[in-house]
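To start, the structure itself, in structure tokens.
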Amino acid sequence: MGVPEYIRQLRAHVGRDLLLLPSVSAVVRNDTGELLLAQRADDARWSVVSGVLEPGEQPTTAVVREVREETGLDVEPVRLSSVLTHPHTYPNGDRCEFVNLGFRCRLTGGTARVNDDESMAVGWFPPDRLPELDRHARLVIGYALDDGAAAGFLPPGVAWT
């Protein structure tokens with residue numbers, strides 16, 4: 001889907017200045033325990049599937065939609081696994097800070113495919129052989145794979161940098 005119309009409208013007013021945006025990430029495992037990752041079309045980095053909530057959308061609906069849009073796969077959120085903020089600057093200079101809700105998700109169907117607007121590649125990776133990932137993706141994966149009942153978060157006073 002690319003950039004949601006809501007974000008395009010905000011950018012028309014604020015330019016490349018910082019936006020605080022709600023987002024979701026999905027940590028999906030297949031039957032053999034491999035993790036689903038997508039190679040982002042905007043900067044070619046491998047990452048967990050993530051995206052911005054649209055106005056009026058529930059986070060669980062957004063995570064299901066994002067996985068389907070970016071990979072063609074269907075998932076069911078199993079539990080909220082992390083709550084984090086993280087900054088991101090896009091290649092065009094747009095700056096965002098995401099308030100991200102990470103979900104551990106169960107694969108329910110579909111066939112993995114690439115969405116040219118958002119992903120260059122989609123793949124399944126053994127947890128001990130992941131490609132290079134940024135800090136946010138590593139944290140989201142770590143919290144999702146932890147079988148503790150509570151969602152993970154950084155302690156109060158810990159800055160992102």
Side-chain angles (χ1 to χ4, degrees), residues 1-12 16 19 21-145 152:
M1 176 175 138
V3 178
E5 185 58 30
Y6 173 70
I7 303 299
R8 288 183 200 278
Q9 291 173 3
L10 285 173
R11 286 284 175 213
R16 301 206 183 300
L19 291 177
L21 298 171
S23 68
V24 293
S25 292
V27 176
V28 183
R29 293 179 95 171
N30 63 17
D31 291 338
T32 62
E34 296 171 311
L35 295 168
L36 175 67
L37 298 176
Q39 189 176 24
R40 299 171 55 99
D42 60 0
D43 61 11
R45 291 180 305 114
W46 284 96
S47 189
V48 292
V49 175
S50 299
V52 175
L53 274 74
E54 295 179 3
E57 187 176 39
Q58 290 296 320
T60 52
T61 302
V63 78
V64 169
R65 175 183 54 77
E66 287 292 341
V67 173
R68 186 175 301 124
E69 285 177 1
E70 294 185 28
T71 70
L73 296 170
D74 296 316
V75 298
E76 175 187 14
V78 174
R79 73 174 179 92
L80 178 66
S81 54
S82 61
V83 179
L84 300 165
T85 65
H86 69 99
H88 184 75
T89 301
Y90 287 91
N92 69 358
D94 286 354
R95 295 182 318 121
C96 299
E97 176 130 4
F98 294 103
V99 178
N100 183 262
L101 304 175
F103 289 91
R104 184 162 78 183
C105 296
R106 184 176 67 82
L107 181 64
T108 60
T111 302
R113 56 130 175 91
V114 172
N115 175 335
D116 293 335
D117 288 343
E118 300 195 40
S119 53
M120 298 169 44
V122 174
W124 294 99
F125 296 86
D128 61 346
R129 285 184 279 166
L130 299 176
E132 183 177 336
L133 299 171
D134 67 16
R135 180 179 181 208
H136 176 257
R138 289 189 317 269
L139 282 170
V140 170
I141 290 169
Y143 287 131
L145 297 183

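As a basis for the values below, the full set of heavy atoms in this structure was taken, side chains included, without hydrogen atoms, waters or symmetry mates. Throughout, residue positions are numbered sequentially from 1 according to the sequence presented. Note that the structure is predicted; figures quoted are calculated from it, not measured.
- Among residues two or more places apart in sequence or in another chain, the side-chain contact (heavy atoms from CB on, under 4.5 Å) test is passed with Arg40 by Asp42, Asp43, Arg45, Ser47, His88, Tyr90.
- Counting heavy atoms from C-beta on, the side chains of Leu35 and Leu130 come closer than 4.5 Å.
- The two residues Val140 and Gly102 make their nearest non-hydrogen contact at CG1-CA, 4.4 Å.
- One side chain, Asn100 or His136, offers a donor N or O that lies under 3.5 Å from an acceptor on the other.
- A distance of 5.5 Å separates CG of Leu53 from CD of Glu57, quoted to the nearest 0.5 Å.
- Considering only heavy atoms from C-beta on, Ile141 comes within 4.5 Å of Val48 through its side chain.
- Considering SG of Cys96 and CG of Leu21, their distance stands at 5.0 Å, rounded to 0.5 Å.
- Phe125 is listed as a side-chain neighbour of Pro131, based on a closest heavy-atom distance under 4.5 Å.
- Of all non-hydrogen atoms in Val24 and Pro59, the two that sit nearest each other are CG1-O, 3.6 Å.
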Exercise. Start with the C-alpha gap between Arg65 and Glu54, add the side-chain angles, then the distance that decides, and say whether side-chain contact (heavy atoms from CB on, under 4.5 Å) holds.
Key: CA-CA 11 Å; Arg65 175 183 54 77; Glu54 295 179 3; 3.7 Å; yes
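- Under the 3.5 Å distance criterion, the side-chain polar atoms of Thr71 are matched with a main-chain donor or acceptor of Leu73.
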Exercise. I would like to know whether Val122 and Leu36 meet side-chain contact (heavy atoms from CB on, under 4.5 Å); could you show each step before the answer?
Key: CA-CA 7 Å; Val122 174; Leu36 175 67; 3.5 Å; yes
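- A donor and an acceptor atom, one from each side chain of Thr60 and Gln58, are nowhere located under 3.5 Å apart.
- Asp31 CG to Leu107 CG: the interatomic distance, rounded to the nearest 0.5 Å, is 7.0 Å.
- At a threshold of 4.5 Å between non-hydrogen side-chain atoms, the residues Phe103 and Val78 do not count as touching.
- Counting heavy atoms from C-beta outward, Ser23 and Val99 have side chains that stay 4.5 Å or more apart.
- Remark: Asp128 CG is packed, more than 12 non-hydrogen atoms of other residues, nucleotides or ligands lying under 6.0 Å away.
- At a threshold of 4.5 Å between non-hydrogen side-chain atoms, the residues Arg106 and Thr108 count as touching.
- Arg29 places none of its side-chain heavy atoms less than 4.5 Å from the side chain of Arg104.
- Panel note: side chain Ser119, backbone Glu70; a donor-acceptor pair is recorded below 3.5 Å.
- Contact check for Leu84 versus Tyr143: side-chain heavy atoms found under the 4.5 Å cut-off.
- To the nearest 0.5 Å, atoms CG (Asn92) and CZ (Arg11) are separated by 7.5 Å.
- Between atom OG1 of residue Thr61 and atom CD of residue Glu66 there is a gap of 12.0 Å, rounded to the nearest 0.5 Å.
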Practice problem: Under the side-chain contact (heavy atoms from CB on, under 4.5 Å) rule, what do Val75 and Arg68 come out as? Steps first, then yes or no, please. | Solution: CA-CA 8 Å; Val75 298; Arg68 186 175 301 124; over 6 Å; no
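- Across all non-hydrogen atoms, the minimal contact from Val52 to Phe98 is CG2-CE2, 3.7 Å.
- Residues Ala26 and Val63 share a closest heavy-atom pair of CB-CG2, 3.5 Å.
- Here the OG1-CD distance, from Thr85 to Glu97, works out to 4.5 Å after rounding to the nearest 0.5 Å.
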